[in-house]
Trainee: 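I'd like to ask some things about the structure below.
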Amino acid sequence: MSHPDVRRNMRVRHTDWGDAVRIDLNQLGSQLPARGIQGATWSEAAGEALRDEWSESQNVALCDTMTEVAAVSGGGFDSFAEWTVLHNKRYDGTHMRGERRARFSRGYRAAITTLGWAHSRTRLSTCIQAVGYVPRPGAAFQQAVWRPESLYDTEFMALAPAVVTRFGGGRQIHLSGVVAWDEGINPLFEGQPERQIRHVFDLIQDVFEEGGGSLSDVVRLRPFAHCTRIAHLIRKEVNRRWSGHPRPVVMMSDSRCFGDPPRLYAEIQVMGVLSDNDNEVRHSETRIPSEIPDDGALRIRRCRAQGWELIQVGELRAPGGTDPRREAELVAEQLATVLERLSLTRREICLVFAYVSSPEAAAAFPEIVSQAVPKETVHVLPCPAMPELDARHVKVELTAGRRVGRVSSTESDNP
């Protein structure tokens, strides 16, 4: 039996954020074995016990690799604040929960969103993107689980409802995918999609207000919607709630099935930045470069703390009516335009997170986009068709970060 090679496509990016080093671990995961025992195909040869053994060994290799990657910068398994997990066949989520629980330090869990959502032709068993921070020696730094009173607990899944990472005058908040659950993990407002979506946003708003902030502090949303109708409801709710606030970047998927009929209509992964004590964090929304076609989905968000600035951009999309490879090329050109407009250098780019619904374009995308960004920053999820894109295949989100001095009240929010 073949053994899972989780490092085959793995890429690691380290970015200097002053008091801490940010780690982006991209494309971590195994390909499904093409052959089983004695040259037979996997389905013909492998019994259930052997398949379970392969799945469990994959989970061990995933966690071992995460630990080793963080150790290069002086960190460990707990250094990762957020995981985004795409799973396909032969990913044993129950075993992975136990593996995580055994490895996390007492009292710590990461914010983890796990998606059973992959293109039917992908050979990936799983694909993980993880974000972590390792403090510089002597820096004031803390990364801890936060259980907001307004949010249900997720300990039973060996993940945190929220993780707070504080350094450099700011608090980064990562929420695991938020759904409409009550305290007993029962779905609320079944059969009422509008009410259920409003409730999910109520939870998100309540969490940030409980943390001493507001909707202005929400920087990025990654919604996973049951269908295009739900995606439209989510965008409508974002426009309504964030009227008068800097709007978050929304990286939408309308490809995920939640059952038929669904009990849950959406899950939304969230990232935001809050001020830390008397240290101000300034939020702004930057104008879209005129060279980039904008169909209303593109946002450029900037969050400036005392010691660092976070820049979040998305969704970048190509115009319709072209083939998937050309879409990827056009998005790469848009990325280059954004980097130039924001005066971002290649070393300040943390992550280029892409949904690509053409397997051929997904395979080619890292090489295409590496003309604009370092290849190790690129994470591609091969996803099903995204109906909201109107027959297009590529959408991209960019994260960048850089060291800065103390915030000045006279500085302009726009470049």
Side-chain angles (χ1 to χ4, degrees), residues 1-17 19-33 53-88 90-114 124-137 139 141-145 157-160 163 165 167 172 174 176 347 349-353 366 374-381 399 401:
M1 181 179 65
S2 59
H3 294 283
D5 178 9
V6 301
R7 301 175 185 234
R8 176 178 176 180
N9 297 312
M10 182 183 80
R11 294 187 278 269
V12 182
R13 178 67 167 178
H14 296 88
T15 316
D16 181 5
W17 282 49
D19 284 345
V21 174
R22 171 169 164 145
I23 305 170
D24 282 270
L25 178 55
N26 301 322
Q27 304 294 150
L28 175 66
S30 302
Q31 299 280 323
L32 290 164
E53 179 184 346
W54 187 92
S55 300
E56 291 174 8
S57 64
Q58 175 181 230
N59 288 338
V60 171
L62 291 168
C63 293
D64 284 346
T65 301
M66 295 181 75
T67 303
E68 292 166 15
V69 165
V72 171
S73 299
F77 193 67
D78 290 359
S79 297
F80 292 98
E82 179 185 75
W83 303 19
T84 305
V85 183
L86 170 71
H87 73 83
N88 191 19
R90 306 317 314 165
Y91 177 77
D92 188 335
T94 301
H95 177 268
M96 176 55 98
R97 290 179 187 179
E99 193 68 25
R100 292 195 304 249
R101 188 174 283 111
R103 291 177 184 247
F104 284 135
S105 297
R106 184 173 181 177
Y108 186 75
R109 293 167 270 151
I112 301 173
T113 304
T114 302
L124 286 170
S125 172
T126 189
C127 188
I128 295 176
Q129 200 285 324
V131 177
Y133 290 93
V134 177
R136 302 284 190 189
F141 177 94
Q142 183 184 45
Q143 185 160 283
V145 172
M157 294 190 290
L159 56 89
V163 171
T165 307
F167 67 95
Q172 295 188 42
H174 291 276
S176 298
R347 72 175 181 272
I349 301 166
C350 304
L351 173 65
V352 176
F353 191 96
K375 188 175 179 180
E376 65 267 23
T377 67
V378 180
H379 183 78
V380 181
L381 294 182
T399 305

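By convention here, the first residue in the shown sequence is residue 1.
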Trainee: Under a 4.5 Å cut-off applied to non-hydrogen side-chain atoms, are Arg22 and Leu351 in contact?
Mentor: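 Counting from C-beta outward, Arg22 and Leu351 do come under 4.5 Å.
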Trainee: Any side-chain to backbone donor/acceptor pair from Gln129 onto Asp24? Under 3.5 Å, distance only.
Mentor: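 Not confirmed, Gln129 side chain does not pair with Asp24 backbone.
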Trainee: Going from OG1 on Thr377 to CZ on Phe353, what distance comes out if it is rounded to the nearest 0.5 angstrom?
Mentor: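 Separation between the atoms: 13.0 Å.
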Trainee: Between Asn26 and Glu376 (side chain of the first, backbone of the second, donor and acceptor by atom type, cut-off under 3.5 Å), is there such a pair?
Mentor: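 It does hold such a pair.
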Trainee: How many angstroms lie between atom OG of Ser30 and atom NE2 of His3, to the nearest 0.5 angstrom?
Mentor: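 Rounded to the nearest 0.5 Å, the OG-NE2 separation comes out at 12.0 Å.
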Trainee: Distance check, rounded to the nearest 0.5 Å: Asp92 atom CG versus Trp54 atom CH2?
Mentor: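 If we round to the nearest 0.5 Å, Asp92:CG and Trp54:CH2 are 11.0 Å apart.
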Trainee: Donor-acceptor pair, Asp19 side chain versus Ala139 backbone, under 3.5 Å?
Mentor: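 Here the side-chain-to-backbone pair does not exist.
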Trainee: What is the minimum heavy-atom distance between His379 and Ile128, and which atoms define it?
Mentor: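 So the minimum-distance heavy-atom pair works out to CE1-O, 3.4 Å.
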Trainee: Taking side chain as C-beta onward, heavy atoms only, is Tyr108 less than 4.5 Å from Val163?
Mentor: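 The answer is yes, as the side chains (C-beta and beyond) meet within the 4.5 Å cut-off.
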Trainee: Going by salt bridge (Lys or Arg N to Asp or Glu O under 4.0 Å), name the residues that satisfy it together with Glu56, two or more places apart in sequence or in a different chain.
Mentor: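 Applying salt bridge (Lys or Arg N to Asp or Glu O under 4.0 Å) to Glu56 gives none.
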Trainee: Stepwise, does the side-chain hydrogen bond (donor to acceptor under 3.5 Å, both in side chains) test hold for Ser125 with Gln58?
Mentor: CA-CA 9 Å; Ser125 172; Gln58 175 181 230; 3.1 Å; yes
Trainee: Hey, are the side chains of Glu99 and Leu62 touching, using non-hydrogen atoms and a 4.5 Å cut-off?
Mentor: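 A side-chain contact under 4.5 Å is absent here.
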Trainee: Looking at CD1 of Ile23 and SG of Cys350, how far apart are the two atoms once the value is rounded to the nearest 0.5 Å?
Mentor: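 Spacing of CD1 (Ile23) from SG (Cys350) equals 11.5 Å.
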Trainee: Look at the side chain of Ser55 and the backbone N and O of Arg90, then say whether any donor-acceptor pair between them is shorter than 3.5 Å.
Mentor: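 Yes, the answer is positive, given that a donor and an acceptor are paired below the 3.5 Å cut-off.
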Trainee: Using the side-chain contact (heavy atoms from CB on, under 4.5 Å) rule, take Leu124 and Gln31 through it: C-alpha gap first, then chi angles, then the decisive distance, then the call.
Mentor: CA-CA 4 Å; Leu124 286 170; Gln31 299 280 323; 3.5 Å; yes
Trainee: If we only count heavy atoms from C-beta on, is the Val131 to Gln172 side-chain gap below 4.5 Å?
Mentor: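 A side-chain contact is absent here, since even the closest heavy-atom pair is not under 4.5 Å.
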Trainee: Could you grab the distance from atom CD of Gln143 to atom CZ of Phe80, nearest 0.5 Å is fine?
Mentor: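 It is 10.0 Å, given to the nearest 0.5 Å.
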Trainee: Using a 4.5 Å cut-off on heavy atoms from C-beta on, say whether the side chain of Leu25 contacts that of Val12.
Mentor: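 When only atoms from C-beta onward are counted, Leu25 and Val12 do touch, with a gap below 4.5 Å.
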Trainee: Minimum heavy-atom separation for Ile112 and Ala158, please, with both atom names.
Mentor: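 Scanning both residues, the minimum pair turns out to be CD1-O, 4.2 Å.
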Trainee: When the ring planes of Tyr133 and Phe167 are compared, do they come out parallel, tilted or perpendicular, using 30° and 60° as the limits?
Mentor: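 Aromatic pair Tyr133/Phe167 classed tilted.
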Trainee: Is there a side-chain contact between Val85 and Tyr91 in this structure, where contact means two heavy atoms from C-beta onward sitting under 4.5 Å apart?
Mentor: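 Yes, their side chains come closer than 4.5 Å.
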Trainee: Distance alone, cut at 3.5 Å: any donor-acceptor contact between the side chains of Ser73 and His14?
Mentor: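 On atom types as modelled, these side chains qualify, holding a pair under 3.5 Å.
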Trainee: Any side-chain heavy atom of Met96 within less than 4.5 Å of one from Thr114?
Mentor: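 The answer is no, as the side chains (C-beta and beyond) never meet within the 4.5 Å cut-off.
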Trainee: Are the charged groups of Arg106 and Asp78 less than 4.0 angstrom apart, N to O?
Mentor: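 The answer is no: the pair does not qualify as a salt bridge.
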Trainee: Return yes if some donor-acceptor pair links the side-chain N/O of Arg100 with the main-chain N/O of Ala110 below 3.5 Å, else return no.
Mentor: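 No.
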Trainee: Looking at Arg11 and Gln27, would you say the former's side chain and the latter's main chain have a donor-acceptor pair under 3.5 Å?
Mentor: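 Such a contact is absent between Arg11 side chain and Gln27 backbone.
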Trainee: Using side-chain heavy atoms (C-beta onward) and a distance below 4.5 Å, is Ser176 in contact with Met157?
Mentor: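 Contact flag for Ser176/Met157 side chains = no.
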